[in-house]
Structures are given as C-alpha cells and as structure tokens.
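Before any comments, here is the structure.
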Amino acid sequence: VMMPYLPGSGRKRPAQCDTLRCGLQTLVLLVLLAMLGTPQAYGAGTMTVQSERFGTLQGDGWEHWHSAPVAVPFYDGAQVAVTYNFIGPDDDPDFVRDADKAAGEFLKLDATHRLAASQKVADYAVICLDGWDYSGFDAVTMNYGAQGIRPSINAPGLNDFEHGKKPVESVWEMVGRLREIVVQRHDDGRMYVSVHSDCAWESHGLLLVFREGKELVRVSIPDGKLTD
C-alpha cells in the first residue's frame, strides 16, 4: 500500500507533485501577463515607424528614429540622417506627420538662407571666442594647425567680424562637418529642427534651431535647449 506523502515525513515527494506545482506557476504567470497586456516595444532597435517623407525610420532604443542619409541643401548638399526624437506613435500619434512637415520646410532652405544667417552665427562666434586666434583652422580636416587655437590680443581673430575687417559670410569657413539633424516637439506644441555641425570656436560644435523648420530662432552650443 502506497503511503501518502506528508511534509516532514522523510518520504520522497512524488514527481507528479513537482509537475503540478510547475504547471500552476506557469498558469499564474500567464494570467498575470494577460492582465498586464503585452508591452509596446517602441524604441527597441528592431522597431520602425513610417514617414511619408523619409520612408522607414529605424528606432535605436533611445527614443530616436533615424532616416537614411538625405541631402541637405542648407549645407550645399551634405548628406546626413534625419532623426525624429519621440517615444513612439502611441505616445504622440501626430508626431511623424508634424515632423515630416517641419523637416520638409527645413530641406527647402539652401545656401542663400545659410548666408542670410551669417550675422547671427558670426555674433555667436565672437561671443564664444573673442580675442582668440583661429587662423590655423582647417574646416575640412578639423585640424587646428601646429599652434592650435590660442589667446592672442592682437591676433587676426573672430573679432574681425565686429570691426568690419572680414565679411560675416566668411564665418562659414570655420564651420565644418554636418553631424546630425534632429526634429522634436517642444513644450509649446510646435516642431523644432536642430542642426548640429562642427565649428572652430567650440569643441562641442554649433547648433542652429529652426522653429517649424523655417525660422532660425537659436544659435548656440548643443546644449539640449530649443529656445532661449
């Protein structure tokens, strides 16, 4: 006669008891998952969203969605990916539509618009590096030369723009590689296009911010801000 299993009796627990316990645990886990629902994996590296302007945008897991490289007329056709910065379609269903519109407006801007922004960029450069000598800088190689950038009161520096010794448009000679273009929604509900490039006077680079992709509203260091 098989004696029943009693805890503490020293008898071995029948295998069917362990099987039953595992089955119950699995059932409880499945019920909990059903109650919680399947989490949305927006932002995961395998997730994508669709843009009418750029096609498939690839998520990187950090709320960034990247296009394939596109030509940017504002920077003479230099190519770079456009990044949409948002959690995902469930969080902001209209984001891609609005971002497409803002990005499209920015991509209408060309070299003439860049030159029109020269004074604002030159003013910012003077504030950053007034009285410093950048004369050895090569915007193509981002090489500062043997002497590098150094303080020099009488050196031909960015303050030449202040005194009319150089046309403000020449400030673009000190702007280097286009790094990235990011589109995001501000707290005011509007879309902002941030354009980040290298420059001679700031190691972190130059940031130009366009409201709705059209209006240049900020020239600064890339500091995460969209407005002053």
Side-chain angles (χ1 to χ4, degrees), residues 64 69-83 85 102-103 105-184 186 188 190-228:
H64 299 150
V70 299
V72 182
F74 190 88
Y75 277 98
D76 297 323
Q79 293 203 355
V80 71
V82 175
T83 298
N85 188 0
E105 291 294 338
F106 173 71
L107 292 176
K108 292 178 184 178
L109 306 183
D110 56 22
T112 60
H113 298 92
R114 185 183 75 240
L115 294 177
S118 298
Q119 187 65 62
K120 290 183 178 181
V121 175
D123 289 345
Y124 170 66
V126 168
I127 292 173
C128 289
L129 205 55
D130 190 16
W132 289 64
D133 181 9
Y134 66 91
S135 56
F137 177 72
D138 185 328
V140 176
T141 64
M142 294 303 293
N143 189 329
Y144 292 96
Q147 294 178 317
I149 293 182
R150 64 195 188 283
S152 178
I153 296 175
N154 298 316
L158 291 169
N159 54 358
D160 288 346
F161 297 123
E162 282 187 306
H163 306 298
K165 297 178 183 179
K166 298 179 67 175
V168 293
E169 290 79 10
S170 62
V171 71
W172 295 104
E173 297 172 5
M174 292 169 286
V175 176
R177 176 177 60 96
L178 176 61
R179 292 188 183 181
E180 63 178 352
I181 296 175
V182 178
V183 185
Q184 58 195 114
H186 189 40
D188 62 11
R190 293 195 260 186
M191 306 303 294
Y192 288 75
V193 178
S194 300
V195 183
H196 183 193
S197 58
D198 292 328
C199 68
W201 58 87
E202 168 53 56
S203 61
H204 294 92
L206 168 69
L207 185 72
L208 306 179
V209 181
F210 296 82
R211 181 185 291 125
E212 304 291 359
K214 298 180 287 187
E215 180 187 2
L216 179 59
V217 295
R218 196 165 196 261
V219 178
S220 70
I221 186 176
D223 57 4
K225 297 180 181 179
L226 300 177
T227 58
D228 291 321

Expected output: side-chain Tyr124 to main-chain Arg218 donor-acceptor under 3.5 Å: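 Such a contact is absent between Tyr124 side chain and Arg218 backbone.
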Looking only at atom types and distance, does a side-chain atom of His196 sit under 3.5 Å from a main-chain N or O of His204, one as donor and one as acceptor?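 It does hold such a pair.
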OG1-CZ distance between Thr112 and Phe74, expressed to the nearest 0.5 angstrom: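 Here the rounded value is 9.0 Å.
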Nearest 0.5 Å please: distance from the NE2 atom of His186 over to the NZ atom of Lys225.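 So the NE2 of His186 and the NZ of Lys225 are separated by 11.0 Å.
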By side-chain contact (heavy atoms from CB on, under 4.5 Å) - contacts of Arg190 (at least two apart):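 Testing Arg190 for side-chain contact (heavy atoms from CB on, under 4.5 Å), a comparison that skips the adjacent residues, returns Asp188, Tyr192, Arg211, Glu212.
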Consider side-chain contact (heavy atoms from CB on, under 4.5 Å). Of Ile221, Val175, Val195, which one does Leu206 pass it with?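 Of Ile221, Val175, Val195, side-chain contact (heavy atoms from CB on, under 4.5 Å) with Leu206 is met by Val175 alone.
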Carefully, step by step, assess Leu208 and Val121 under the rule side chain to side chain contact (heavy atoms under 4.5 Å, CB included). CA-CA 9 Å; Leu208 306 179; Val121 175; 4.0 Å; yes
Quick one: closest heavy-atom pair of [X] and [Y], and the distance?
X      : Y      : value
Val171 : Ala122 : CG2-CA, 3.9 Å
Gly205 : Cys199 : C-SG, 3.7 Å
Leu207 : Ser194 : CD1-CB, 3.8 Å
Gly213 : Leu109 : O-CD1, 3.8 Å
Val182 : Asn85  : CG1-CB, 3.9 Å
Arg179 : Ser203 : NH2-O, 3.7 Å

Among residues at least two apart in sequence or on other chains, which ones pass salt bridge (Lys or Arg N to Asp or Glu O under 4.0 Å) with Lys120?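 Counting only residues at least two positions away or on another chain, Lys120 forms no salt bridge (Lys or Arg N to Asp or Glu O under 4.0 Å).
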Taking salt bridge (Lys or Arg N to Asp or Glu O under 4.0 Å) as the test, write out the residues that go with Arg114, two or more places apart.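 Here the qualifying residues are Asp76.
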Which word best sums up how the rings of Phe210 and Phe106 line up, parallel for under 30°, tilted for 30 to 60°, or perpendicular for over 60°?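 Tilted: the ring planes of Phe210 and Phe106 meet at 30° to 60°.
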